[in-house]
J.: 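The structure under discussion is supplied below as structure tokens; questions concerning it will follow.
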Amino acid sequence: MGSEGPAAVTIHVTGFKKFHGVSENPTETIVSNLKEYTEKKGLSKGVILGSCSVLKTAGQGALTRLYQTLRSALPGKDSESSCSGRIIWLHFGVNSGASRFAIERQAANEATFRCPDEMGWKPQKVPIVAADGGISRV
């Protein structure tokens with residue numbers, strides 16, 4: 001009747017493990033401690049912390065866990081309440097060359113690594129999702 005208020009917002013958060021040149025990834029620390037922190041401090045009304053996942057810092061090595069996280073957040077056919085809410089994905093990353101916090105505002109469909117990932121993969125100009133088009137797709 002209009003008095004229910006805004007739909008709930010569920011936030012799913014990911015961070016990454018160590019990688020070349022970053023022996024302790026701060027995103028792993030943030031994500032690993034976030035659930036406990038929010039349990040102690042609480043969240044704003046209507047905000048739900050859905051999941052906190054730390055992924056391998058590897059192109060292929062992170063996929064299974066990432067897909068599991070994505071699938072777990074999709075509303076089920078029997079779940080009317082989750083269908084009415086909004087989902088936010090918050091992916092933390094680290095740029096060892098950055099001097100301050102930054103938000104990425106766009107991404108290209110291109111995997112080009114300056115050094116091998118934690119599984120030894122070092123792609124150069126490879127589409128991340130081939131079905132989405134070439135490497136120039138933003």
J.: Could you grab the distance from atom CD1 of Ile88 to atom CG of Leu49, nearest 0.5 Å is fine?
T.: 11.5 Å
J.: Output all residues satisfying side-chain contact (heavy atoms from CB on, under 4.5 Å) with Gln124, sequence neighbours left out; order by chain, then residue number.
T.: Thr112, Lys122
J.: More than 12 foreign heavy atoms under 6.0 Å from CD of Glu39: is that the case here?
T.: yes
J.: Measure the spacing between CE of Met119 and NZ of Lys56 and express it to the nearest 0.5 Å.
T.: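 Atom-to-atom, Met119:CE and Lys56:NZ are 5.5 Å apart.
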J.: Could you identify which residues cluster with Phe113, counting Ile, Leu, Val, Met, Phe, Trp and Tyr as linked when any side-chain heavy atoms lie under 4.5 Å apart, either directly or through a chain of such contacts?
T.: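 Reading the cluster by chain and number, Phe113 sits alongside Trp121.
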J.: Could you pull out all residues at least two apart from Ser53 that satisfy side-chain hydrogen bond (donor to acceptor under 3.5 Å, both in side chains)?
T.: Thr69
J.: Could you work out the complete set of other residues in the hydrophobic cluster of Phe101, with links drawn between I, L, V, M, F, W and Y side chains under 4.5 Å apart?
T.: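 Answer for Phe101: Ile103.
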J.: Could I get the full list of side-chain hydrogen bond (donor to acceptor under 3.5 Å, both in side chains) partners for Asn25, not counting sequence neighbours?
T.: Thr27
J.: Under 3.5 Å, side chain of Asn109 to main-chain N/O of Pro127, donor-acceptor pair present?
T.: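 It does not hold such a pair.
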J.: Excluding sequence neighbours, so at least two apart, what forms side-chain contact (heavy atoms from CB on, under 4.5 Å) with Ser32?
T.: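 By the side-chain contact (heavy atoms from CB on, under 4.5 Å) rule, Ser32 matches Glu28, Val54.
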J.: State, to 0.1 Å, how close Thr38 and Leu43 come at their nearest heavy-atom pair, and which atoms those are.
T.: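 Minimum heavy-atom contact is CG2-CD2, 3.8 Å.
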J.: Do Leu34 and Trp89 land in one hydrophobic cluster if side-chain heavy atoms of ILVMFWY residues count as linked below 4.5 Å?
T.: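 Different clusters: Leu34 never reaches Trp89 through Ile, Leu, Val, Met, Phe, Trp or Tyr contacts under 4.5 Å.
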J.: So that I can tick it off, tell me whether Glu36 and Lys40 are bridged by a salt bridge, with the cut-off set at under 4.0 angstrom between side-chain N and carboxylate O.
T.: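 Glu36 and Lys40: salt-bridged.
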J.: With sequence neighbours excluded, tell me which residues meet salt bridge (charged side-chain N to carboxylate O under 4.0 Å, His left out) with Glu118.
T.: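 Glu118 satisfies salt bridge (charged side-chain N to carboxylate O under 4.0 Å, His left out) with Lys18 once adjacent residues are dropped.
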J.: If Ile, Leu, Val, Met, Phe, Trp and Tyr residues are connected whenever their side-chain heavy atoms lie under 4.5 Å apart, and connections chain through other members, are Leu55 and Ile87 in the same group?
T.: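 Yes: a chain of side-chain contacts under 4.5 Å links Leu55 to Ile87.
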J.: Output a table of donor-acceptor pairs, distance under 3.5 Å, between side-chain atoms of residues 61-68 and any protein atom two or more places apart or on a different chain; print 'none' if there are none.
T.:
none

J.: Please go through Val94's hydrophobic cluster and name the other residues, only I, L, V, M, F, W, Y counting, with side-chain heavy atoms under 4.5 Å joining them.
T.: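 Listed partners: Phe19, Val22.
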J.: Give the other cluster members for Tyr37, using side-chain heavy-atom distances under 4.5 Å between Ile, Leu, Val, Met, Phe, Trp and Tyr residues; answer none if it is isolated.
T.: none
J.: Under a 3.5 Å distance rule, please check whether Asp117 uses its side chain to pair with a backbone N or O of Thr57 as donor and acceptor.
T.: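 Checked: no pair found.
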J.: Output a table of donor-acceptor pairs, distance under 3.5 Å, between side-chain atoms of residues 130-138 and any protein atom two or more places apart or on a different chain; print 'none' if there are none.
T.:
| from | atom 1 | to | atom 2 | distance (Å) |
| --- | --- | --- | --- | --- |
| Arg137 | NH1 | Asp132 | O | 2.7 |

J.: On a heavy-atom basis, which atom in Gly50 and which in Lys35 lie closest, and how many Å separate them?
T.: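 Closest approach of Gly50 to Lys35: O-NZ, 4.0 Å.
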J.: Could you pull out every donor-acceptor pair under 3.5 Å between side chains of residues 7-16 and any protein atom, sequence neighbours left out?
T.:
| from | atom 1 | to | atom 2 | distance (Å) |
| --- | --- | --- | --- | --- |
| His12 | ND1 | Ser51 | N | 3.4 |
| His12 | ND1 | Ser51 | OG | 2.8 |
| Thr14 | OG1 | His91 | ND1 | 2.6 |

J.: Give, for atom SG of Cys52 and atom CG of Asn33, the distance between the pair rounded to the nearest 0.5 Å.
T.: 9.5 Å
